[in-house]
Amino acid sequence: DPQGSGCGASVSQLLLSADNSVATMGCNFLASLVLPLLVDPQGCATLPSQYDCRNDQSGLGACREAALEIASGSCLPALESLVRENGRTSRPIELRKTAMETLAATVLAVGEMGKSWANGKYEEGMEKYGAPATLTRAITCLNEEGLIDVALDVLKSSSAQSLGSSNDTPAARIRESGGIVLGSLTSCSAEAILELHSRQVLASLVLAANDPSMTSPSTLRGDAA
């Protein structure tokens, strides 16, 4: 449990360390909990209706539970701080890649769980069909913590470069992870869609999606979508 018993606060302190080796240790720990959801084809699969990870005894069920914990706790803003490039601390690109892939895996999992309860009606559907409070809280936190800004910044900072994964570099993986975050969050959250719409960035995102390299198989996702 990355949040329980004060563990979440401890891990987030590692992530916030100015020492990159310490931050990397914390980031690798979180990545180990959720990356199977991104790199395992089963982790990317559509979930059955009204899926509840508490009733899933598989390893992926535990990964999805960890994703809910990461999304709802102090590790989320700490991961975001690793991804953001600011003048005070420039993090190594490998560390930024791991942090962004961890965010992508987390949001992909939360998005798939949200869709399984929403029945196409986003937050309204989740409320109507009685989605677990841990899930609705995670989606609220993802929206409130400015994750859309992080994903947009990643995509905008590389606007001159391809979003697709034809070039499997850390920068390309960061960009692809940004796309996964936006796609997954807007698949389950009307609030996220409205937020994106208010930024007036939809046109540029559609243009980016039409980039020829976006049709190349993913080197990040286990289902090579």
Side-chain angles (χ1 to χ4, degrees), residues 2-3 8 11-12 14-17 20 23-24 26-28 30-31 33-35 37-38 66-112 114 137-165 169-202 204-205 208-209 218 220-221:
Q3 306 298 142
V11 177
S12 62
L14 293 179
L15 299 177
L16 295 168
S17 171
N20 286 322
T24 298
C27 200
N28 286 342
L30 292 182
L33 298 178
V34 294
L35 273 189
L37 298 168
L38 196 56
L68 290 175
E69 297 283 359
I70 291 170
S72 306
S74 57
C75 288
L76 180 68
L79 283 168
E80 290 181 348
S81 75
L82 288 179
V83 174
R84 290 184 190 275
E85 288 184 288
N86 60 54
R88 190 174 60 82
T89 51
S90 184
R91 298 291 194 173
I93 193 162
E94 281 291 337
L95 174 53
R96 294 182 64 236
K97 175 185 79 79
T98 305
M100 195 66 209
E101 288 179 354
T102 302
L103 287 171
T106 297
V107 182
L108 179 69
V110 173
E112 287 299 324
R137 185 171 69 244
I139 292 169
T140 299
C141 291
L142 291 175
N143 279 312
E144 288 179 350
E145 283 295 342
L147 199 54
I148 281 180
D149 283 327
V150 173
L152 287 176
D153 286 348
V154 161
L155 295 176
K156 276 190 264 185
S157 70
S158 56
S159 57
Q161 305 164 56
S162 165
L163 292 181
S165 52
T169 63
R173 297 285 279 257
I174 289 170
R175 290 194 301 276
E176 186 179 351
S177 296
I180 290 170
V181 165
L182 285 184
S184 298
L185 194 49
T186 53
S187 75
C188 71
S189 170
E191 187 179 335
I193 293 170
L194 291 170
E195 185 69 25
L196 254 187
H197 185 67
S198 72
R199 305 299 169 86
Q200 300 179 321
V201 293
L202 288 179
S204 57
L205 287 174
S218 170
L220 178 56
R221 288 179 59 131

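It should be emphasised that the depicted structure is a prediction, and the values quoted were computed from it without experimental measurement.
- Between Thr98 and Thr24 there is no side-chain heavy-atom pair separated by less than 4.5 Å.
- For the atom pair CD1 of Ile148 and CG of Leu196, the computed distance is 4.5 Å after rounding to the nearest 0.5 Å.
- For the residue pair Gly179 and Leu155, the shortest heavy atom distance occurs at N-CD2, 4.1 Å.
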> Does the side-chain contact (heavy atoms from CB on, under 4.5 Å) test come out yes or no for Ser177 and Val154, once each step is laid out?
Replying inline: CA-CA 9 Å; Ser177 296; Val154 161; over 6 Å; no
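- Minimum interatomic distance between Met100 and Gly178 (heavy atoms only, all atoms of both residues): CE-CA, 3.6 Å.
- The only member of Leu14, Leu35, Leu15 that meets side chain to side chain contact (heavy atoms under 4.5 Å, CB included) when paired with Leu30 is Leu15.
- Contact detail for Gly146 and Glu80: the closest heavy-atom pair is C-OE2, 4.0 Å.
- The backbone N or O of Gly183 lies less than 3.5 Å from a partner atom in the side chain of Thr186, making a donor-acceptor pair.
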>> For a side-chain contact (heavy atoms from CB on, under 4.5 Å) check, start with the C-alpha distance between Leu38 and Leu108, then their side-chain angles and the critical distance, and finish with the verdict.
In response: CA-CA 8 Å; Leu38 196 56; Leu108 179 69; 3.6 Å; yes
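- Between Leu68 and Ala138, the shortest heavy-atom distance links the atoms CD2-CB, 3.8 Å.
- In summary, Arg84 and Asp149 do not engage in a salt bridge, as defined by a charged side-chain N under 4.0 Å from a carboxylate O.
- Listed by chain and residue number, Asp19, Val22 satisfy the side chain to side chain contact (heavy atoms under 4.5 Å, CB included) test with Ser17 (two or more places apart in sequence, or in another chain).
- Residues Ile174 and Ile93 meet the side-chain proximity criterion, which asks for heavy atoms closer than 4.5 Å.
- Interatomic distance, CG of Leu16 versus SG of Cys75, reported as 9.0 Å (0.5 Å rounding).
- Atom CG in Leu76 sits 6.5 Å away from atom CG in Leu103 (nearest 0.5 Å).
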> Passes side-chain contact (heavy atoms from CB on, under 4.5 Å), Arg199 versus Leu152? Steps please.
Replying inline: CA-CA 10 Å; Arg199 305 299 169 86; Leu152 287 176; 4.3 Å; yes
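- Every pair passing side-chain hydrogen bond (donor to acceptor under 3.5 Å, both in side chains) that includes a residue from residues 99-110 is listed here, sequence neighbours excluded: Glu101-Arg173.
- Of all heavy-atom pairs spanning Ala67 and Ala109, the tightest one is CB-CB, 3.8 Å.
- Inter-residue side-chain proximity for Ser189 and Leu142 is flagged as unmet; no heavy-atom pair is nearer than 4.5 Å.
- Cys27 and Leu82 get closest at one heavy-atom pair: SG-CD1, 4.1 Å.
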> Step by step, would you call Val150 with Val181 a side-chain contact (heavy atoms from CB on, under 4.5 Å)?
Replying inline: CA-CA 9 Å; Val150 173; Val181 165; over 6 Å; no
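- Remark: Asn143 CG to Glu191 CD distance equals 4.0 Å, nearest 0.5 Å.
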